[in-house]
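Here is the structure we will look at.
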2 protein chains.
Amino acid sequence: MNSFTEENYLKAIYHLSKDDGSVVTTNSISEAINTTAASVTDMLKKLAEKKLISYVKYQGSTLTESGRMAAANIIRKHRLWEVFLVEKLGFKWDEVHDIAEELEHINSSELIARLDQYLGFPKTDPHGDPIPDSEGNFNHKQLTKVSKLSPGQQGSISGVSEHSAIFLQFLEKTGLTLGAVLKIKEVLEFDGSVTLIIDHVKEITISREVAKNILVVI
Amino acid sequence: MNSFTEENYLKAIYHLSKDDGSVVTTNSISEAINTTAASVTDMLKKLAEKKLISYVKYQGSTLTESGRMAAANIIRKHRLWEVFLVEKLGFKWDEVHDIAEELEHINSSELIARLDQYLGFPKTDPHGDPIPDSEGNFNHKQLTKVSKLSPGQQGSISGVSEHSAIFLQFLEKTGLTLGAVLKIKEVLEFDGSVTLIIDHVKEITISREVAKNILVVI
DNA sequence: CTATATTTTTAGACTAATCTAAATTTTATA
DNA sequence: TATAAAATTTAGATTAGTCTAAAAATATAG
């Protein structure tokens with residue numbers, strides 16, 4: 001079994017290596033989990049020893065298959081708990097991250113199997129992120145950043161790539177919630193800001209930065 | 001905030017000091033949490049430093065008011081999670097202890113308040129043990145051991161004082177579950193074994209040892 | 001009421017995870 | 001391509017929690 005701390009490193013490496021499993025630098029990990037690079041180096045050696053990552057000195061790390069599985073399992077638990085917190089306990093989508101961060105380390109596959117069933121086998125968490133199955137497989141939808149759309153195109157919001165409470169609260173307030181249909185009216189060449197119509201009703205303008213972090217299915 | 005480990009010590013001291021808050025020996029703690037007496041001594045100093053216990057060298061320890069509150073809060077979380085696991089996820093009463101042992105350390109009073117509400121503010125856990133309120137107050141019912149009853153007396157099962165899975169499974173199989181009405185038919189003087197009638201129907205005989213661990217309201 | 005047994009504490013050491021400071025390697029630049 | 005800058009690793013130390021072995025205090029028994 002991996003320690004609480006090892007799990008956090010695996011999760012960080014997973015998130016940093018994108019979907020393609022690309023090499024992750026030591027520094028990027030140290031930033032992600034707020035430790036010194038020296039501490040990260042120590043842990044990388046340990047994870048390599050346990051065959052959870054492959055690590056080449058001065059070059060970086062990638063998850064091995066078993067490391068990837070372990071990471072997917074933690075993410076599965078995190079996202080299932082988020083669904084529980086929002087759907088059953090009535091938390092808002094911007095309030096659940098920190099609690100799920102703790103719950104994800106609870107160790108019982110029976111518990112997770114039953115929770116999954118209790119929640120009706122959800123496929124995404126409250127932010128639209130996919131929940132991997134118990135074998136670690138993600139069911140990838142093709143998600144597009146709103147910033148990539150051209151006038152006339154439309155899509156429905158299916159996820160976000162920024163999870164801070166402040167951003168989520170802004171989306172909530174603006175009506176940019178999961179499932180909302182967006183139709184692009186205009187993209188301003190000057191700064192990339194996007195004017196769009198939400199659910200065929202409300203017209204608003206968002207910055208390029210915001211548009212980059214909203215993901216839609218076309 | 002207290003560490004995971006500190007919380008486990010506080011809980012152990014609480015359970016060992018009965019309801020009367022009596023002095024707990026170092027050795028009894030080391031047995032309870034399966035560590036050496038030397039380790040316990042170290043931790044007792046630390047807890048005393050934090051004013052969670054009062055500790056007199058070579059004499060033993062008692063919880064202070066703030067230690068008692070902290071312990072009650074952990075027990076509250078443990079028991080609420082047990083209710084969740086049994087009522088919502090369908091675990092059996094003998095399966096939930098170890099998982100609740102992990103969940104009890106999750107740190108969010110908002111989470112516990114919402115869980116409490118979601119469960120309908122239960123007053124006891126699946127073993128009949130009282131759930132303290134958020135101020136740490138237990139709602140004590142007067143519970144009597146079956147071994148203290150005389151022929152002719154009856155009561156309904158409201159708790160157990162032994163929580164091992166093996167014992168709970170035995171009770172389950174025998175029909176000695178929470179709420180069952182017991183009427184004492186005979187107490188054998190030779191070994192204290194008790195013959196009783198469950199729910200006015202089924203007659204069985206249990207050992208004195210078993211009788212001591214079943215608690216009823218008369 | 002002394003001698004022995006038991007309990008508890010102290011001393012010193014270990015592991016996991018972290019840190020700072022210094023050394024080394026890689027990358028970027030002039 | 002030599003050199004400076006940045007990234008990474010190593011060395012050595014620290015903290016929390018644990019351990020074993022030895023010392024000290026308390027309890028028990030003759």
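Here is the naming used below: chain letters follow the sequence lines, and residue numbers restart at 1 for every chain. For clarity, every value in this text was computed on a predicted model and none was experimentally measured.
- Under the rule for a salt bridge (Lys or Arg N to Asp or Glu O under 4.0 Å), the partners of A:E65 that lie at least two apart in sequence or sit in another chain are A:R68.
- Atom C1' of nucleotide C:dA16 and atom NZ of A:K50 are separated by 11 Å, given to the nearest angstrom.
- At whole-Å resolution of the value, CD1 in A:I33 and C1' in C:dT18 are 11 Å apart.
- Along DNA chain C, the nucleotide nearest B:K45 and the nucleotide nearest A:A38 are compared for position; the residue whose nucleotide lies closer to the 5' end is B:K45.
- Put simply, CE on A:M43 is 6 Å from P on C:dT18, counting in whole angstrom units.
- Taking side-chain N and O atoms only, A:T36 has a distance below 4.0 Å to OP1 or OP2 of C:dC19.
- For the pair B:K57 and C:dT7, the criterion of a side-chain N or O lying under 4.0 Å from OP1 or OP2 is not met.
- Closest to the side chain of A:T41, out of C:dT10, C:dT18, D:dT10, is D:dT10.
- Among D:dT9, D:dT10, D:dT18, the nucleotide with an atom closest to any side-chain atom of B:D42 is D:dT18.
- Among the candidates A:L171, A:L176, A:N213, the single residue satisfying the side-chain contact (heavy atoms from CB on, under 4.5 Å) test with A:I206 is A:L176.
- Remark: A:T177 pairs with no residue by the side chain to side chain donor-acceptor pair (under 3.5 Å) rule, at least two apart or across chains.
- Of the residues in residues 3-13 of chain A, A:S3, A:T5, A:Y9 come within less than 4.0 Å of DNA chain C through at least one heavy atom, sorted by number.
- In this structure, A:N34 places its CG atom 11 Å from P of C:dT18, rounding to the nearest Å.
- In this structure A:S193 satisfies the side chain to side chain donor-acceptor pair (under 3.5 Å) test together with A:D191, sequence neighbours excluded.
- Annotation: salt bridge (Lys or Arg N to Asp or Glu O under 4.0 Å) contacts of A:E209 (sequence neighbours excluded): A:K212.
- Atom C1' of nucleotide C:dA16 and atom CD of A:E49 are separated by 15 Å, given to the nearest angstrom.
- A salt bridge is defined here as a Lys NZ or Arg NE, NH1 or NH2 lying under 4.0 Å from an Asp or Glu carboxylate O, and B:R114 with B:E110 meets this definition.
- Phosphate contact (OP1/OP2 of D:dT8, side-chain N/O of A:N27, threshold under 4.0 Å): present.
- For the pair A:Q59 CD and D:dT8 P, the interatomic distance rounds to 9 Å; values are reported in whole Å.
- Among D:dA25, D:dT18, D:dT10, the nucleotide with an atom closest to any side-chain atom of B:Y58 is D:dA25.
- Here the nucleotide nearest the side chain of B:T26, chosen from D:dT18, C:dT9, C:dC19, is C:dT9.
- Look at CG on B:L47: it is 13 Å from P on D:dA16, rounded to the nearest Å.
- Residues satisfying the side-chain contact (heavy atoms from CB on, under 4.5 Å) test with A:K88, not counting sequence neighbours, are A:F84, A:Y118, A:L119, B:Y118.
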